[in-house]
Amino acid sequence: AGVILGAADFAGQAFERGQLGDEAVDQAVDYGRVARFAFFGLILQAPWNHFYYQLLDGALPPTEDPFTATTGIKVVIDQFV
């Protein structure tokens, strides 16, 4: 998760520089921001998601068929929590 979030922020900064065109010539990549995003993904988001989905699977066990009411309920819970 840390690598993904860091890479996503790096790509986002590149996209922003592309949108600015000539105005972004002297703008460098903010590596501090990339590191903060990577840190957030590694230290906070990854463990939180792991334990959240463990709890969700404990409350509503997974099914072999992906198209069941249980899966639909999990999606609804995941979207609104």
Side-chain angles (χ1 to χ4, degrees):
V3 172
I4 292 171
L5 271 169
D9 183 63
F10 185 82
Q13 289 185 47
F15 181 74
E16 287 175 2
R17 283 193 311 278
Q19 292 292 320
L20 293 175
D22 293 336
E23 300 171 17
V25 171
D26 57 346
Q27 286 186 341
V29 174
D30 183 355
Y31 289 106
R33 184 175 127 178
V34 171
R36 286 189 298 275
F37 269 86
F39 179 81
F40 173 79
L42 182 66
I43 302 301
L44 297 173
Q45 186 178 12
W48 167 260
N49 285 349
H50 170 74
F51 290 114
Y52 170 74
Y53 286 112
Q54 289 289 326
L55 180 71
L56 189 59
D57 282 344
L60 296 167
T63 59
E64 291 195 21
D65 183 18
F67 302 106
T68 62
T70 302
T71 305
I73 292 168
K74 283 182 172 183
V75 169
V76 169
I77 290 170
D78 191 40
Q79 292 298 309
F80 293 105
V81 169

Evaluate the side chain to side chain contact (heavy atoms under 4.5 Å, CB included) criterion for residues Ile77 and Leu60: first the C-alpha distance (whole Å), next the side-chain angles of each, then the deciding distance (0.1 Å), finally the verdict.
CA-CA 11 Å; Ile77 290 170; Leu60 296 167; 3.9 Å; yes

Atom of Pro61, atom of Thr70 and distance for their closest heavy-atom approach:
O-CG2, 3.7 Å

Linked hydrophobic residues, Ile4 as query - side chain contacts closer than 4.5 Å:
none

Test side chain to side chain contact (heavy atoms under 4.5 Å, CB included) on Phe10 and Tyr31 and set out the steps.
CA-CA 8 Å; Phe10 185 82; Tyr31 289 106; 4.2 Å; yes

Heavy-atom closest pair, residues Asp78 and Tyr53:
OD1-OH, 2.9 Å

Quick check: do Asp9 and Arg36 have side-chain heavy atoms less than 4.5 Å from each other?
no

Is there a chain of hydrophobic side chains (I, L, V, M, F, W, Y, each step under 4.5 Å between heavy atoms) that links Ile73 to Val81?
yes

Heavy atoms only: give me the nearest Thr63-Thr68 pair and the separation to one decimal.
OG1-OG1, 3.2 Å

Option passing side-chain contact (heavy atoms from CB on, under 4.5 Å) with Gln45 (candidates Leu42, Asn49, Ile43)
Asn49

Regarding Asp57 and Lys74, does a basic nitrogen lie under 4.0 Å from an acidic carboxylate oxygen?
yes

Over all atoms of both residues, closest heavy-atom pair of Leu5 and Gly41:
CD1-CA, 3.3 Å

Could you walk me through whether Asp30 and Val34 satisfy the side chain to side chain contact (heavy atoms under 4.5 Å, CB included) test, starting with their C-alpha distance in whole Å, then the side-chain angles of each, then the deciding distance to 0.1 Å, before giving a yes or no?
CA-CA 7 Å; Asp30 183 355; Val34 171; over 6 Å; no

Tyr52: which residues meet the side-chain hydrogen bond (donor to acceptor under 3.5 Å, both in side chains) condition with it, sequence neighbours left out?
none

